[in-house]
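Heads up: the structure comes next, in structure tokens.
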Protein chains: 2
Amino acid sequence: MTDDGTNSGELLWDLDEGPARKARPTLTVDRIAKAATTIADADGLTAVSMQNVATKLDVTKMALYRHVASKAELVAVMTETAVGTPPNLKEIRGGWRPKLELWAQEMRRTWQRHPWIPAATAGSRVTGPREIGWTEVAVGALEGTGLDGAERMDAVFLLSGHIRNTQSPTTAGTQPWSLDRTLNPMISARPERFPSLVAAAASVGNAPKDNGWEFGLIRILDGIAKLIATRRRTKA
Amino acid sequence: MTDDGTNSGELLWDLDEGPARKARPTLTVDRIAKAATTIADADGLTAVSMQNVATKLDVTKMALYRHVASKAELVAVMTETAVGTPPNLKEIRGGWRPKLELWAQEMRRTWQRHPWIPAATAGSRVTGPREIGWTEVAVGALEGTGLDGAERMDAVFLLSGHIRNTQSPTTAGTQPWSLDRTLNPMISARPERFPSLVAAAASVGNAPKDNGWEFGLIRILDGIAKLIATRRRTKA
DNA sequence: GACACATCGTGTACGGTAGACACATGCCGG
DNA sequence: CCGGCATGTGTCTACCGTACACGATGTGTC
């Protein structure tokens, strides 16, 4: 960038380092997506602007449009890369429940590595095959449980929705308390108006500070288990 | 608005209708919020820009800043007004479950009237007292169930998260099928890659087309019921 | 009744966003 | 050698939220 005299000196010395060293490697979709992902991981999806990505790659923002059609497409590519490949659940023994537990944990871990994924995968949009692959294996884990197709789909949607809700501060609803279980001061200052919330905050046990992740996971799986038990009974 | 000759005629006639009829009613927070809500109800929260709201009220956008400090504050006012007052659950008989069922239904209905609420209530922000009131009554419905404070809060959060996930197309995760249960064509074209999804889509029963709302609600409540049953047993 | 002042709406400006489009440059095949 | 095509640049438009100076207007006080 800086075009001062020192640069020419560096250029001379760099001649020793080998031939054909490109000053600027050519732009590819991959490099663009990687740069955008770095930004998103660090500063969130809102920090991903064409300008920011372009600056990081030392090009103008319009250069990016030679490789991606729109920002939405860029985000789609980022997402499809970041979600990775779903876990292989076929080798997991013990039926549908351990499989879904592993699946949920893996998904949660992936989303923790890339906290912007929930925001990027909300709303209607084009979905990539790898992302769909996650749904595929989860629905597959529920085959043979007696649930019909719609139920298997709904169960997986319920589970992934829970991950979304507990994982991302940007897509989750606002909680009355903060992450460390400290009640909103506006509430604790008005115990007569919000008695149940104040009482609940006063009697918090040693629950894990995971934004309700573990709690919800067990409740959902228990609920699904109950339905499956009913189906097996009616079938027999 | 139009400043043509017909207007003066109307003005003359209007003299009969009473004194002090203001051509433009003065701007108030209420009128601004109402206009913004109308826009959001019709075209979504993204259509709510200061410019659009101002145009609707026939003022410049900067005039709005005399009454609201920022757009975030405007959205907060809109939300607090739109959520309304929570239902009175104390009169509902039959224990926690019918109470929470009614609560969830009422919340869902409110959110259906204003589909932008999920998007407006996501992320960290200032929460209004009426909105917190909804959480208050739901947590209150779980008192006396044996759940500790954190569990009562987590249960309500789980439930409202489910409403959010099934209610708003903008905050929900993308489903492999559309609202009418038609599988994404990208999936149905590749049955060898997504066998479980194709199989599930083929065996959909007469499940309600409610985006998994009813399914998830029952599963979650069943899961909570199981936990409550455990607590009662250990207590006794 | 005049005048100062507070309130409220206007107009202009700034930095940010996504993206359309014309132009330059450099590489590669004939 | 040379023409064409791919790729990156520069400029422009239409938005977004919001800071700030200005003018009009209505109101309370002397």
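Letters go in sequence order (proteins before strands), and every chain restarts at 1. Both backbone and side-chain heavy atoms feed into the values below; hydrogens, waters and symmetry mates do not. Since the structure is predicted, the reported quantities are computational estimates derived from the model, not experimental observations.
Atom CD of B:Q51 is separated from atom P of D:dG17 by 9 Å (rounded to the nearest Å). Atom-to-atom, CZ of B:R31 to C1' of C:dG9 comes out at 13 Å; the value is rounded to the nearest Å. Remark: P of D:dG8 and CG of A:L57 are 10 Å apart, rounded to the nearest angstrom. Spacing between atom CE of A:M50 and atom P of C:dA20 amounts to 10 Å, rounded to whole angstrom units. Nucleotide D:dT9 holds its C1' atom 13 Å from the CG atom of A:D58, rounded to whole Å. Rounding to whole angstrom units, OH of residue A:Y65 and P of C:dA22 are separated by 17 Å. Following rounding to the nearest Å, B:K71 (NZ) and D:dC16 (C1') show an atom-to-atom distance of 8 Å. One can place CG of A:L64 at 12 Å from C1' of D:dT9, the figure rounded to the nearest angstrom.
When each of A:N52 and A:A69 is assigned the nucleotide of DNA chain C with its nearest heavy atom, A:N52 is the one assigned upstream, toward the 5' end.
Contact record, B:M50 with B:L74: SD-CD2, 4.2 Å, taken as the closest heavy-atom pair.
Checking C:dT10, D:dG8, D:dT18 against the side-chain heavy atoms of B:A63 singles out C:dT10 as nearest. Side-chain proximity of A:M62 to D:dG10, C:dG11, C:dC23: nearest is D:dG10. When each of C:dA18, D:dG17, D:dT9 is scored by its nearest atom to the side-chain atoms of A:R66, the top-ranked nucleotide is D:dT9. Out of C:dC8, D:dG8, C:dA13, the shortest distance to the side chain of B:K61 is found at C:dA13.
Although no hydrogens or angles enter the test, the distance criterion places a donor-acceptor pair under 3.5 Å between the side chain of A:E73 and the main chain of A:A69. Between the side chain of A:D210 and the backbone N or O of A:E214 there is at least one donor-acceptor pair closer than 3.5 Å. For the pair A:R31 (side chain) and A:T26 (backbone), a donor-acceptor distance under 3.5 Å is present.
At the phosphate of C:dG9, OP1 or OP2 sits under 4.0 Å from a side-chain N or O atom of B:H67. A sub-4.0 Å separation between OP1 or OP2 of C:dT17 and a side-chain N or O of A:S49 is present.
Figure legend. C:dG1 is base-paired to D:dC30; pairs are counted as Watson-Crick or G-U wobble with both atom distances under 3.5 Å.
Annotation: side chain of A:E136 is not in contact with side chain of A:P86 (no heavy-atom distance under 4.5 Å).
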